[in-house]
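Values in this document were obtained by computation on a predicted structure and should not be read as measured data.
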Amino acid sequence: MFAEVGKPGLFGVPCGADYPHAIKAGLLSHLKDTPPELLARTEIFVNTSRMRKDIQRTFDDGSTRFLPKIRLLTELGTDHRFLDLPVPVNSLRRRLELSQLVAHFLRQEPQFATRASIFDLSDSLAQVLSEMQDEGVTPEDIRSLKVQDSSGHWQKSLQFLSIIFDFFGPESAADPGSEARMKLVIDRLERQWRDTPPDHPILVAGSTGSRGMTARFMSLVAKLPMGAVILPGVDFDMPDRVWTQIRNPERASVEHPQERTARMAERLDIRPQDIRPWHTSGCANSTRNRLVSLALRPAPVTDQWMEEGPAFKDVAQATQNMTLIEAPDMRIESNAIALVLRQTAELGKTAALITPDRDLARRVTALLDRWGIVPDDSAGIPLNQTPPGRLLRHLVGFIGRTMSAEDLLVLLKHPLCARGAQGDEGRGYHLLWTRELEVHLRRKGPAFPSREDILKWAIESGQDKADKEGRTHWAGWISDLVEHIQIAPEGPLSDHLNRLVALGSALVKGPTGDDDSELWAQNAGRETRRLVEDLHRNSDYGGTFNIHEFADLFRAILARGQVRDPSPKHPKVMIWGTLEARSLQADLVILAGLNEGIWPQAAGQDPWFSRDMRRQAGLISPEQMIGLSAHDFQQAIAAPEVILTRAKRDAEAETVASRWLIRLTNLMAGMSDEGRKALENMRKRGTAWMGLADALDEPDTAIPPAKRPSPRPPKDARPRQLSVTRIETLIRDPYDIYASRILRLSKLDPLSRDPDIRERGTALHAIMERYLKQIGDDSHEAALARFMSVAEEVLEQEVAWPSARRVWLARVHRIADQLVRDERDRLTKGTPCGIEAKAAMHLPEVDFSLTCKADRIDRKEDDTFIIYDYKTGTPPSEKQTRKFSIQLLLEAMMMEAGKFESVPMGRVSEVAYLGLNAALKQVVLPLEPHDIAEIRGRLATLIAAYDDPDLGYTSRRMMETVQYKTDFEHLARFGEWSISDTPVPEDLDD
């Protein structure tokens, strides 16, 4: 019917043609002299749902009375004729079965891999099993591979791969997978159709036959009297010698886009040149097809560029609707794409972005949102990025470990948390209390809040508030959840799954709610429930897991899920994957992300087979996937209007252009003056879009840089009390005092942070305080042992980070011996009489109060005193101590004024900074009576100066170093001005 008698029905549609329309036009043309009902009996097998929808839409335009049956290739064998065949095992069950076999193998061979890799290994085995069954590779083919194995690695790998060998052959007791069942279906069809061929047309459309079972079915259909295989994107412009080179058995060009076309023709025992067009309708730009075909010639014959390139005519006509955007970075690329899509939509045309780079697609989607354009994205949304998917993903990662403050707030601030609560303690109160708890944890910690910490906060924050009872109940609900999350016994898969679902349900219900329907609502919730139920149904095949193994398993399964957003999309703007692009039903196509590693994507590492081993066994080579990607590129670039984009730099380094883009630009640059001019015009059009893209992020009005601030608040707003440590801040960075004491701002610590110098300082101060309170007349060895014992106790109590405890304890151990000796020497000079002693003093001459807490005060034998201050960093020099770091001088002034609690008044003869770092540096300043009077006068002068309304609180006035960081640099807009700029005073109203 479709082909000549005795010849296979292998046809093609050229690149750039409207593929669904060509399918319809060709079928109607071939059936024009047949009864009309034959069209209704026609079966068309397609490879994707998108292709099925596009062909259905093309037929359903009112021009035909009957519609053919359009089915997916994956639906083959689902009708009544195959009910006796076993139901295929779903991929999840197969992976769970393999995980138990892998776990058993690792118990026997623990050196092969860690137990943490069980699911990754089982997933890899499942892929190998699927590929072997699809390509018809037997275990004997694998065993007979000729491998040089001097290290014994292959034998170990073969021993592991033998896990899946029991799934092959008629004697196998395992239920078949989808590929094995497909083989049974095709075997039966082959026997049936040999004797009684179908009496109605059967077509295969959209597939190139890249997989074994699909190619076998296509071959079977092509040999039917009423069968036809219609290959997409066939290059009818290639010379015979190129087709011969592609299928050269000594050096096959598997990376060439037409390699699969040639292989299908070879399978049917015809030449690729004998493939006939399915329909006479032409493509959008045949000249461009010839140019791209020449650019993509196999590497061994690219010398033909020298011969055919200069003779190529009409390059300008081939590229007049082509634009090349070579953006400097990803921002400009995504901005340019968004602008192109917006303009095309405004003109009423259809536009499609085609890229394998999902990050780029998401960036473009976010940019389009500013104009209210929601593209129709064929890939949907990854399930683990939807609200229910994120909630369960977070939970499974927290189970079985001590929850940090950040972990807790991740759950409490999730949009589904407490959705089932109603009334006064509904989600509104939940959000309010969550924000208050977050501020508390940022300011006061602890890093790992316990039940006591949370309840204490609820009681203290709820005093004198109407919601105190609800707040306490809410805190109890949180505490119960935290304790349940931290429990994770080893057990069967179903137990882990039930625990996870129960925790998720409790979070959604809230403290008083009983409705968890929001967890399973919308498309994302329904898909999540389907996944959980599927996992539960197959849980008996999973065996026993610990929580870490279950978490790895669940996250891996969740990551495979995709959800389609059912909300209305823009009818003219699409984002397609490379497979969906084969229908090519768009006026403008953007081929984006044209860099190596993206298009084509980098071939992944195969842990089992080398390229040569794959070739020997008959498995798919990595280069074949590159060839398929090249085929998709060749089809997409043939669209009526095309824009090619790439970013010269990604987030990490310079990028390399896609090999196909390099070939095209190199060919055009060297073929002729016309080619160079055409390439230059393509780049000029791209440069215009990049200019618009760069301007997209520019503000509407130019904002002048800020001046160096020196605010002048009213006198009565200025602080009347500071601690001695803040006096140095007032000298060096007055703006810090303005922000913290006048504006009453304070920096919030990050929830997740590494222990820094403040925690280390607090811990070392506590060690010294506790050690000095226990000091006696024992030997050096006993004193050293007691010091280390105290250090271990304090670090265990004060430091929540186990790794930091170990590191800091090692540092203390390194300095302990010398520090204990130094302390014994200091005790010969004086006896501690004040540890962490507090003091307060008022200066009536300037109406200002000073507060402090001295680390240590020792009384000498002559009844004078020494004031010590511990420094975890490098102590200030003597000059700095007298000019800037005047903390100890002020404490000496307060000491001689008798302002310390529980420490007698007396003269201070020395002050000293004691370094607690590796150097153990000491800075000692002897004091004379006139030093105290001088420091009091300097303080009074300083405070009086800042009582002058004309003096502002200048930012970074006398910083120790230019690189020194402060808490209020962002507020002062430091960076828009430099420290050499003159401060600009600004009067502030009351």
Side-chain angles (χ1 to χ4, degrees), residues 721-732 765 768 772 822-871 873-916 919-946 957-958 960:
Q721 176 193 326
L722 289 174
S723 66
V724 293
T725 56
R726 298 292 281 168
I727 297 299
E728 180 180 358
T729 306
L730 182 62
I731 296 171
R732 291 193 180 276
H765 277 65
M768 295 304 299
L772 289 173
D822 292 344
E823 280 301 327
R824 187 169 294 276
D825 293 340
R826 281 190 279 271
L827 290 175
T828 62
K829 296 174 60 177
T831 304
C833 62
I835 304 295
E836 299 290 332
K838 295 181 180 180
M841 180 178 178
H842 185 73
L843 279 65
E845 61 268 34
V846 288
D847 188 24
F848 183 82
S849 297
L850 199 63
T851 62
C852 78
K853 185 165 69 171
D855 289 346
R856 173 179 171 184
I857 303 174
D858 283 12
R859 182 196 289 268
K860 299 170 67 176
E861 292 183 357
D862 61 358
D863 284 337
T864 62
F865 294 87
I866 307 174
I867 301 179
Y868 294 105
D869 188 74
Y870 299 119
K871 291 294 183 184
T874 302
S877 65
E878 182 175 346
K879 276 189 176 182
Q880 290 174 326
T881 302
R882 292 194 180 276
K883 294 294 184 183
F884 297 101
S885 304
I886 60 175
Q887 168 188 347
L888 288 181
L889 299 178
L890 294 175
E891 291 179 3
M893 176 189 73
M894 301 170 76
M895 179 74 188
E896 295 196 0
K899 301 302 182 180
F900 274 93
E901 302 173 1
S902 68
V903 178
M905 181 174 64
R907 191 176 82 81
V908 180
S909 58
E910 292 180 22
V911 294
Y913 284 108
L914 305 179
L916 297 181
L920 290 176
K921 181 181 178 181
Q922 302 182 37
V923 178
V924 181
L925 276 74
L927 296 183
E928 300 296 334
H930 65 84
D931 291 331
I932 302 302
E934 179 185 347
I935 196 64
R936 178 168 182 141
R938 286 176 56 194
L939 177 63
T941 301
L942 178 67
I943 300 303
Y946 277 100
R957 177 173 173 266
M958 301 178 71
E960 182 178 353

Search all heavy atoms of [X] against all heavy atoms of [Y] and return the closest pair with its distance.
X: Tyr870; Y: Asp855; answer: N-OD2, 2.9 Å
X: Leu927; Y: Val908; answer: CB-O, 3.6 Å
X: Leu939; Y: Met893; answer: CD2-CE, 4.1 Å
X: Ala854; Y: Glu891; answer: CB-OE1, 3.6 Å
X: Ser885; Y: Tyr913; answer: O-OH, 3.2 Å
X: Asp858; Y: Pro832; answer: OD1-CA, 3.1 Å

What I'd like to find out is whether the side chain of [X] reaches to under 4.5 Å of the side chain of [Y], using heavy atoms alone.
X: Pro875; Y: Val923; result: yes
X: Leu914; Y: Lys871; result: no
X: Tyr868; Y: Arg826; result: yes
X: Asp825; Y: Glu823; result: no
X: Thr881; Y: Ile886; result: no
X: Leu890; Y: Ile727; result: yes
X: His842; Y: Phe848; result: no

Point-to-point distance, once rounded to the nearest 0.5 Å, from [atom1] of [X] to [atom2] of [Y]:
X: Thr851; Y: Arg726; atom1: OG1; atom2: CZ; answer: 11.0 Å
X: Cys852; Y: Asp869; atom1: SG; atom2: CG; answer: 10.0 Å
X: Leu942; Y: Leu722; atom1: CG; atom2: CG; answer: 9.0 Å
X: Leu889; Y: Ile932; atom1: CG; atom2: CD1; answer: 7.0 Å
X: Lys899; Y: Met841; atom1: NZ; atom2: CE; answer: 6.5 Å

Answer yes when [X] and [Y] have at least one side-chain N-carboxylate O distance shorter than 4.0 Å, and no when they do not.
X: Lys829; Y: Glu861; result: no
X: Glu896; Y: Arg936; result: no
X: Lys853; Y: Glu836; result: yes
X: Asp822; Y: Arg824; result: no

Hey, is the main chain of [Y] close enough, under 3.5 Å, to the side chain of [X] for a donor-acceptor pair?
X: Thr864; Y: Lys860; answer: no
X: Arg938; Y: Lys883; answer: yes
X: Asp931; Y: Glu928; answer: yes

Quick one, Leu850 with Val724, criterion side-chain contact (heavy atoms from CB on, under 4.5 Å). Give me CA distance, side-chain angles, the key distance, then yes/no. CA-CA 7 Å; Leu850 199 63; Val724 293; 3.8 Å; yes
Test side-chain contact (heavy atoms from CB on, under 4.5 Å) applied to Met768 and Leu916, step by step: CA-CA 10 Å; Met768 295 304 299; Leu916 297 181; 4.1 Å; yes
Arg859 to Phe865 six-membered ring, cation-pi geometry met (6.0 Å, 45°):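 Here Arg859 fails the 6.0 Å and 45° test against Phe865.
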Between Ile867 and Arg856, does the side-chain contact (heavy atoms from CB on, under 4.5 Å) criterion hold? Intermediate values first, please. CA-CA 6 Å; Ile867 301 179; Arg856 173 179 171 184; over 6 Å; no
Any side-chain donor near an acceptor of the partner, Thr725 and Gln887, under 3.5 Å: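 The answer is no; no qualifying pair exists.
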Would you sort out whether Leu730 and Ile943 count as a side-chain contact (heavy atoms from CB on, under 4.5 Å), showing the intermediate values? CA-CA 9 Å; Leu730 182 62; Ile943 300 303; 4.2 Å; yes
